[in-house]
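Okay, so here's the structure we're looking at.
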Amino acid sequence: MATGRPSTVYLWELAWILPSIALPVGMLAALAVTAFGAGINVAGDRGRVEPTKVAEHPLFKDPGVSEIAPGQYEVRMTGQIWSFAPAEIRVPAGSTVHFWATSKDLVHGLFVPRHNVNVMLLPGQIAHAQARFDTPGEYPIICHEYCGIAHHTMAGKIIVEARR
Ligand code: CUA
């Protein structure tokens, strides 16, 4: 009879069980921190437009930027081969920008590096993202879903102007 064996087995089991509990608990904590602390969320359903009628929809018939409240800007944007409308967005530093976007033709992407804007633009599916721009400068808007021969040229920019 090996009396030392059960406790060795027990320790080995514990060595596997504890990380297998710690991993999901750690991931859950990371999820909570990013969702509630960093404000990073998955894109939800914000409605649909018939893809062929995007240009008639109130949000997209006149793509552009408007100030909706002090320091709050709304961008109504469409993606189409191979451009964004508007291609250039100007806001003062410290602004929160609310992006409403969709695609008029095929799948595009809307990505602003180092900001909370990273969504797919599906034809007729309304996407929403919002980000704050505190530091003056130029920020690229990039299509990061392959959309054909000139995909790599599909880009725009956000110009964040210093407050006077
Ligand atoms: Cu549009 Cu890639």
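Sequence positions, counted from 1, serve as the residue numbers for this chain.
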Residues clustered with V33, ILVMFWY side-chain links under 4.5 angstrom: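 Answer for V33: none, a lone residue.
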How long is the straight-line distance from [atom2] of [Y] back to [atom1] of [X], given to the nearest 0.5 Å?
X    : Y    : atom1 : atom2 : result
T96  : I68  : OG1   : CD1   : 9.5 Å
H144 : H151 : NE2   : NE2   : 9.5 Å
I142 : H152 : CD1   : NE2   : 13.5 Å
M120 : C143 : CE    : SG    : 10.0 Å
E138 : K157 : CD    : NZ    : 4.0 Å
W82  : L106 : CH2   : CG    : 8.0 Å

Can you see which heavy atom on [X] is nearest to which on [Y], and at what distance?
X    : Y    : value
A129 : N116 : CB-O, 3.9 Å
I158 : F99  : CD1-CZ, 3.8 Å
P123 : P51  : O-CG, 3.8 Å
S95  : R163 : OG-NH2, 4.3 Å
R76  : P86  : O-CD, 3.5 Å
P63  : A85  : CB-O, 3.5 Å

Side chain to side chain contact (heavy atoms under 4.5 Å, CB included) assessment of V49 paired with F60: CA-CA 10 Å; V49 201; F60 305 113; 4.2 Å; yes
Flag for [Y]-[X]: side-chain donor and acceptor within less than 3.5 Å:
X    : Y    : value
H98  : Q130 : yes
R48  : T102 : no
N118 : H115 : no

Is [Y] reachable from [X] through a run of I, L, V, M, F, W or Y residues, each pair having side-chain heavy atoms under 4.5 Å apart?
X    : Y    : result
V107 : L121 : no
I81  : I141 : yes
L28  : L18  : no
F36  : M27  : no

Atom CG of L14 with >12 non-hydrogen neighbours under 6.0 angstrom: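 Buried by this count: over 12 neighbours within 6.0 Å.
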Donor-acceptor contact present, side-chain E13 to main-chain W16, <3.5 Å: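 No, the answer is negative, given that no donor and acceptor are paired below the 3.5 Å cut-off.
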Steps toward side chain to side chain contact (heavy atoms under 4.5 Å, CB included) verdict (V117, F111): CA-CA 5 Å; V117 181; F111 177 50; over 6 Å; no
Measure the shortest side-chain to side-chain distance between [X] and [Y] over non-hydrogen atoms and say whether it is less than 4.5 angstrom.
X    : Y    : result
C147 : M154 : yes
M77  : L110 : yes
Y73  : I89  : no

Residues D134, R132; criterion side chain to side chain contact (heavy atoms under 4.5 Å, CB included); working and verdict: CA-CA 6 Å; D134 282 323; R132 206 182 138 94; 2.9 Å; yes
Side chain to side chain contact (heavy atoms under 4.5 Å, CB included) evaluation trace for I159 with Y139: CA-CA 6 Å; I159 299 164; Y139 301 88; over 6 Å; no
